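A short write-up of the structure that comes next.
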Amino acid sequence: MRVPWLATVLLLFRRALASSINITIDDQKGDPTNGQKFIYDPPDAWASDSIDGCDGCLQPNLSTASAETFTGSLFSAHKHHNPSPPTAAVNFTGAEALLDSYIHLSGGSDMSFSIDGILADTFQHTPTGLGGFESRSVFNSQRLSPGEHTLVISNGVVDGPNSLVILDSVVYS
């Protein structure tokens, strides 16, 4: 005698288990499951394991970063030849994404986040006067329809104040 309900329950359990797996896309090493990497635009506005445009600046501790890497960008519309804010884009297949970043407590940050070409959220940090860095989740997409998505992070706004972005990783499920 067959038990079709058992097969259905096992199939649903398998799908639920598969959808709850978290995968980390490192800012430099990419997605370990498919090799997908961040695309930095323009590339010369971003620096690996340092902060582009901020020579001699204090840096986050690499030992606390995902895969011991970070990618940084300091945007000032007045100092760059291209007045458009630099972006970092990454593709993922899932239903939720979370961006981890470092915040420089004595520096400003102004980020915007788009999913599939639609503005999803913003994050601003006003300098506190304290030194050092804080690792923080700065964006959570909440629930998306399961499937392929593109997350774009923009650093700063045209004619806005300087903005420092230090990317660590995206975790998706």
Side-chain angles (χ1 to χ4, degrees), residues 22-31 37-90 92 94 96-144 149-173:
N22 290 334
I23 299 169
T24 300
I25 305 173
D26 181 68
D27 60 289
Q28 293 175 38
K29 297 177 181 175
D31 186 329
K37 291 188 175 190
F38 278 84
I39 299 168
Y40 296 102
D41 187 35
D44 63 350
W46 297 88
S48 300
D49 300 331
S50 71
I51 301 165
D52 183 70
C54 197
D55 295 333
C57 290
L58 182 66
Q59 307 288 323
N61 184 343
L62 282 175
S63 68
T64 63
S66 169
E68 298 185 349
T69 67
F70 68 84
T71 301
S73 174
L74 177 63
F75 176 68
S76 170
H78 307 292
K79 292 182 182 177
H80 287 82
H81 299 294
N82 182 358
S84 298
T87 62
V90 67
F92 65 95
E96 188 171 10
L98 180 78
L99 174 67
D100 290 327
S101 181
Y102 282 95
I103 302 301
H104 190 291
L105 298 176
S106 61
S109 187
D110 192 347
M111 296 180 244
S112 61
F113 311 99
S114 298
I115 297 276
D116 303 328
I118 299 169
L119 181 65
D121 204 357
T122 60
F123 174 87
Q124 287 88 26
H125 170 74
T126 304
T128 62
L130 302 173
F133 293 89
E134 180 178 285
S135 180
R136 185 185 298 179
S137 294
V138 295
F139 172 72
N140 186 335
S141 71
Q142 304 300 320
R143 293 295 293 166
L144 302 168
H149 299 285
T150 301
L151 169 63
V152 177
I153 303 108
S154 295
N155 177 16
V157 293
V158 174
D159 296 325
N162 291 351
S163 178
L164 174 61
V165 171
I166 305 172
L167 301 178
D168 186 19
S169 62
V170 167
V171 178
Y172 71 92
S173 59

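This structure is a prediction, so every number in the text was calculated from the model and none was measured.
A donor-acceptor distance shorter than 3.5 angstrom exists from the side chain of Thr128 to the backbone of Leu130, with no hydrogens or angles considered. In this structure, Ser101 contributes its side chain and Ile166 its backbone to a donor-acceptor pair below 3.5 Å. Put simply, the side chain of Asn22 never gets that close to the backbone of Ser173: no donor and acceptor are under 3.5 Å apart. A distance-only check finds a donor-acceptor pair linking the side chain of Ser109 to the backbone of Leu164 [under 3.5 Å].
For the pair Asp49/Leu62, a side-chain contact is recorded, criterion being any heavy-atom separation below 4.5 Å from C-beta on. A heavy-atom distance below 4.5 Å is not found between the side chains of Val170 and Thr24. Side-chain contact between Val158 and Pro85 is present, with at least one heavy-atom pair separated by less than 4.5 Å. By the 4.5 Å heavy-atom criterion applied to side chains, Tyr40 and Leu167 are counted as neighbours. Taking the side chain as every heavy atom from C-beta outward, Asp31 and Ile23 approach each other to under 4.5 Å. Counting heavy atoms from C-beta outward, Leu119 and Ser112 have side chains that approach closer than 4.5 Å. In this structure, the side chains of Val165 and Trp46 come closer than 4.5 Å at one or more pairs of heavy atoms. Side-chain contact between Thr87 and Asn155: absent, with no pair of heavy atoms (C-beta onward) separated by less than 4.5 Å.
Heavy atoms only, all atoms of each residue included: Gly107 and Pro127 are closest at C-CG, 3.7 Å. Nearest approach of Ser66 to Asp168, heavy atoms of both residues: N-OD1, 2.9 Å. Contact detail for Ser141 and Glu96: the closest heavy-atom pair is OG-CA, 3.3 Å. The minimum heavy-atom distance linking Leu151 with Phe92 is given by the pair CB-CE2, 4.2 Å. What you find for Ala45 and Ser73 is that their closest heavy atoms are O-OG, 2.8 Å.
With rounding to the nearest 0.5 Å, the separation of CG in Asp41 from OG in Ser84 is 9.0 Å. In this structure, NZ on Lys37 lies 11.5 Å from CD1 on Ile39, to the nearest 0.5 angstrom. Rounding to the nearest 0.5 angstrom, the gap separating the CD atom in Glu134 from the OG1 atom in Thr64 is 11.5 Å. Going from atom CG of Leu99 over to atom CZ of Arg136 covers 12.5 Å, rounded to the nearest 0.5 Å. With rounding to the nearest 0.5 angstrom, the CZ atom of Phe75 is 10.0 Å from the CG atom of Asp110. Distance check: Leu98 CG to Phe139 CZ gives 9.0 Å after rounding to the nearest 0.5 Å.
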Determine, step by step, whether Asn140 and Phe113 satisfy the side-chain contact (heavy atoms from CB on, under 4.5 Å) criterion, reporting the C-alpha distance in whole Å, the side-chain angles of both residues, the deciding distance to 0.1 Å, and the verdict.
-> CA-CA 10 Å; Asn140 186 335; Phe113 311 99; over 6 Å; no

Verdict with supporting geometry, Thr122 and Gln124, side-chain contact (heavy atoms from CB on, under 4.5 Å) | CA-CA 7 Å; Thr122 60; Gln124 287 88 26; 3.6 Å; yes

Begin with the C-alpha distance, continue with both residues' side-chain angles, and end with the deciding distance and a verdict on side-chain contact (heavy atoms from CB on, under 4.5 Å) for Phe123 and Ile103.
-> CA-CA 11 Å; Phe123 174 87; Ile103 302 301; 3.5 Å; yes

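There is a side-chain donor-acceptor pair under 3.5 Å between Asp27 and Thr71. No side-chain N or O of Asp26 forms a donor-acceptor pair with one of Ser169 less than 3.5 Å apart.
A perpendicular orientation is assigned to the rings of Tyr102 and Phe70, their planes being inclined by more than 60° (bins at 30° and 60°). Classification of the Phe133-His104 ring pair by plane angle, with boundaries at 30° and 60°, yields perpendicular.
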